[in-house]
Trainee: 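Got a structure here, written out as structure tokens. Questions coming.
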Amino acid sequence: MEKLEVVGGKKLSGVLKISGSKNASLPILAASLLSKKKIKLINLPQVKDIKTMLTLLESLGSRVKKVGKKTIIDNINQKKTEANYNIVRLMRGSFLVLGPLLAKFGKAKVSSPGGCSIGVRPIDIHLNALTKLGVNIKIVDGYVIAKAPQGLKGAKIRFPKISVGATENLIIAASLAKGTTILENCAIEPEIKDLTNFLFKIGCNIKWISKRSIRIVGVSEINEATYSVMFDRIEAGTYLIAAAVTEGNLKIKNVNPNILRSEIKILRKIGSKVRIKKNEIHIIGNKNIRSVNIKTAPWPGLATDLQAQIMVLLCRGNKKSTIQENIFENRFMHVSELNRMGAKISIVGNRALIKGNTKFAPAQLMATDLRASVSLILAALSAKGKSVINRIYHLDRGYENIEKKLKKVGAQIRRLN
Ligand code: EPZ
């Protein structure tokens with residue numbers, strides 16, 4: 001099993017280019033199934049979750065080819081409608097193929113993704129909304145078997161709770177439904193806006209009609225198109241925090257700073273100097289980190305995917321801080337490992353109480369999920385001495401070339417087999 005060795009205590013300094021967004025690429029790749037032609041995508045990140053999605057598309061009959069910077073999805077012979085457990089179990093985002101398969105073929109059999117280390121993660125919102133588009137759903141042997149023999153029919157649907165995945169699945173499905181669909185109380189994360197920009201580009205009739213409502217008029221055909229996926233705002237946020245936690249000096253390029261405004265506000269509050277240019281954020285970390293109380297929330301609030309990383313920073317704060325996790329009930333798996341490094345964090349319900357003034361000590365560590373893994377790297381970068389992070393396959397699911405990028409800005413980090 002691969003591990004990462006980090007010798008911490010060095011200030012990160014230099015320039016980093018941010019990769020394409022994993023969480024925008026996944027729904028866009030799923031939506032490419034709507035097409036019977038070729039879709040060309042640019043800026044897909046080279047990470048394991050994207051490889052898993054491409055393997056899933058191939059298992060459904062798509063042909064995938066990489067030509068230079070473009071990934072070409074050729075769906076001319078894409079006819080299969082079953083997404084197998086062996087692939088879906090590797091990544092929850094696989095469930096996003098349900099919407100496009102149903103829209104294109106009127107049927108789909110997709111393994112139910114189950115929970116994971118950050119929470120129970122049910123799929124009821126996806127399934128209830130799809131039934132409103134005229135889909136019959138049964139769950140048999142762990143598979144969602146969905147049928148709409150007459151095709152999908154547009155409907156007005158209000159999501160009972162904001163869900164990124166359910167919003168994506170429904171927007172994609174409604175794009176080929178007969179008639180008009182109005183979706184209300186949608187998630188409006190930047191990745192969803194990227195998906196709707198992509199759908200617009202391939203010929204879907206789609207329009208945001210208010211902050212959280214979208215109108216989709218089903219079309220009968222999808223055009224060929226080339227689309228460049230947005231930058232990874234979570235990767236960008238992670239490196240900004242890495243600079244803050246090591247009192248470093250980093251320029252983050254290939255970003256839209258406006259998309260990171262909640263995170264930049266917090267970084268400024270804790271005392272980092274943050275300067276913004278059109279496609280660049282420059283951060284200078286400070287020695288004395290001020291404590292703050294924060295909570296995660298759907299966009300435009302603070303991303304839950306940055307909660308673990310910010311927790312590392314707040315451990316170094318001058319007083320007590322709290323983090324309220326409002327999206328995933330169990331997303332505190334990193335806490336016990338951070339405490340083993342000297343942090344003083346306790347959990348009460350969905351709140352982490354962080355004592356502050358922690359000097360992280362190096363340790364042998366075990367990663368539990370993608371963002372927990374990276375938070376351990378951040379703590380290890382701050383700890384003087386050698387830490388080893390085990391079970392890093394989680395990290396490879398979502399961070400492109402992380403060691404290479406961190407090394408480039410002065411981190412001492414290497415992969416051990
Ligand atoms: C997406 O997951 C992201 N994944 C997650 O990123 C991210 O943490 C999450 O959105 C929240 O921003 C991808 O984009 C591939 P949700 P998703 O549906 O769509 C509950 C990362 O680290 N819910 O918005 O699965 C759910 O349990 C990952 O990159 C239901 O109750 O998240 C949660 O409490 C991890 N029923 C809340 O809604 C449902 O049917 C929000 O989940 C669906 C969700």
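Remember, it's 1-based here, ligands and their atoms both numbered in the order they're listed. Everything numeric in this text was worked out from a predicted model, so none of it was measured. When reading the values below, keep in mind they use all heavy atoms of this one structure, side chains included, and skip hydrogens, waters and symmetry mates.
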Trainee: When you check the gap from the basic side-chain N to the acidic O, do Arg414 and Glu403 get nearer than 4.0 Å?
Mentor: no

Trainee: Counting only heavy atoms closer than 4.0 Å, does ligand 1 sit against the backbone of Arg371, its side chain, both, or neither?
Mentor: side chain

Trainee: Ligand 1 and Gly165, any nitrogen or oxygen pair closer than 3.5 angstrom?
Mentor: yes

Trainee: Any idea which part of Lys161 is under 4.0 Å from ligand 1, heavy-atom wise: side chain, backbone, both or neither?
Mentor: side chain

Trainee: Do Arg233 and Glu191 sit within salt-bridge range, that is, some charged N less than 4.0 Å from a carboxylate O?
Mentor: yes

Trainee: Do any nitrogen or oxygen atoms of Ile162 lie less than 3.5 angstrom from nitrogen or oxygen atoms of ligand 1?
Mentor: no

Trainee: Taking the side chain as every heavy atom from C-beta outward, state whether Ser272 and Ile270 have any atom pair closer than 4.5 Å.
Mentor: yes

Trainee: Can you tell whether the side chains of Arg415 and Glu5 come within less than 4.0 Å, N to carboxylate O?
Mentor: no

Trainee: What is the nearest protein non-hydrogen atom to atom 25 (O) of ligand 1, stated with its residue, atom name and distance?
Mentor: Arg121 NH2, 2.9 Å

Trainee: Could you tell me whether some N/O pair between Arg331 and ligand 1 is separated by less than 3.5 angstrom?
Mentor: yes

Trainee: Can you find a non-hydrogen atom of Pro122 under 4.0 Å from ligand 1?
Mentor: yes

Trainee: For Arg92, take its heavy atoms, then give the atoms of ligand 1 lying under 4.0 Å from any of them.
Mentor: 25 (O)

Trainee: Indicate yes or no for a side-chain donor-acceptor contact from Ser62 to the backbone of Glu58 under 3.5 Å, with no hydrogens or angles considered.
Mentor: no

Trainee: Hey, which atoms in ligand 1 end up nearer than 4.0 Å to a heavy atom of His126?
Mentor: 40 (O)

Trainee: State whether the shortest distance between N or O atoms of Glu168 and N or O atoms of ligand 1 falls below 3.5 angstrom.
Mentor: no

Trainee: Distance to 0.1 Å, residue and atom name: give those for the protein heavy atom nearest to atom 18 (O) of ligand 1.
Mentor: Ser163 OG, 2.7 Å

Trainee: From atom 5 (C) of ligand 1, work out which of Asp369, Asp305, Ile327, Asp124 has a heavy atom at the shortest distance.
Mentor: Asp305

Trainee: Identify the protein heavy atom lying closest to atom 40 (O) of ligand 1, giving its residue, its atom name and the separation to 0.1 Å.
Mentor: Ile125 N, 2.8 Å

Trainee: What is the closest protein heavy atom to atom 4 (N) of ligand 1, and at what distance does it sit?
Mentor: Asn23 ND2, 3.9 Å

Trainee: So is Glu191 touching ligand 1 or not, going by heavy atoms under 4.0 Å?
Mentor: no

Trainee: For ligand 1, find out whether one of its N or O atoms is nearer than 3.5 Å to an N or O atom of Val164.
Mentor: yes

Trainee: Is Lys295 reaching over with its side chain to a backbone N or O of Glu325, donor-acceptor style, under 3.5 angstrom?
Mentor: no

Trainee: Would Glu189 count as a polar contact of ligand 1, with the cut-off being nitrogen or oxygen pairs under 3.5 Å?
Mentor: no

Trainee: Is a side-chain N or O of Glu400 found less than 3.5 angstrom from the main chain of Gln46, in a donor-acceptor match?
Mentor: yes

Trainee: Look only at the side chain of Ser111 and the backbone of Tyr143, and say whether a donor-acceptor pair between them is shorter than 3.5 Å.
Mentor: no

Trainee: Between the side chains of Asp396 and Lys48, is the shortest nitrogen-to-carboxylate-oxygen separation below 4.0 Å, so that they form an ion pair?
Mentor: no

Trainee: Could you pull out, from Thr304, Asn128, Val374, Asn169, the option with a heavy atom nearest to atom 11 (C) of ligand 1?
Mentor: Thr304

Trainee: I need the nearest protein heavy-atom contact for atom 26 (C) of ligand 1: residue, atom name and distance, please.
Mentor: Phe328 CE2, 3.9 Å

Trainee: Using a strict cut-off of 4.0 Å, indicate which atoms of ligand 1 neighbour a heavy atom of Lys22.
Mentor: 21 (C), 29 (O)

Trainee: Check whether Asp305 reaches the backbone of Ile234 with its side chain - one donor and one acceptor, N or O, closer than 3.5 Å.
Mentor: no

Trainee: For residues Glu184 and Ser213, is any side-chain donor paired with an opposing acceptor at under 3.5 Å?
Mentor: no

Trainee: If we ignore hydrogens and angles and just use 3.5 Å, is the side chain of Glu280 paired with the main-chain N or O of His282 as donor and acceptor?
Mentor: no

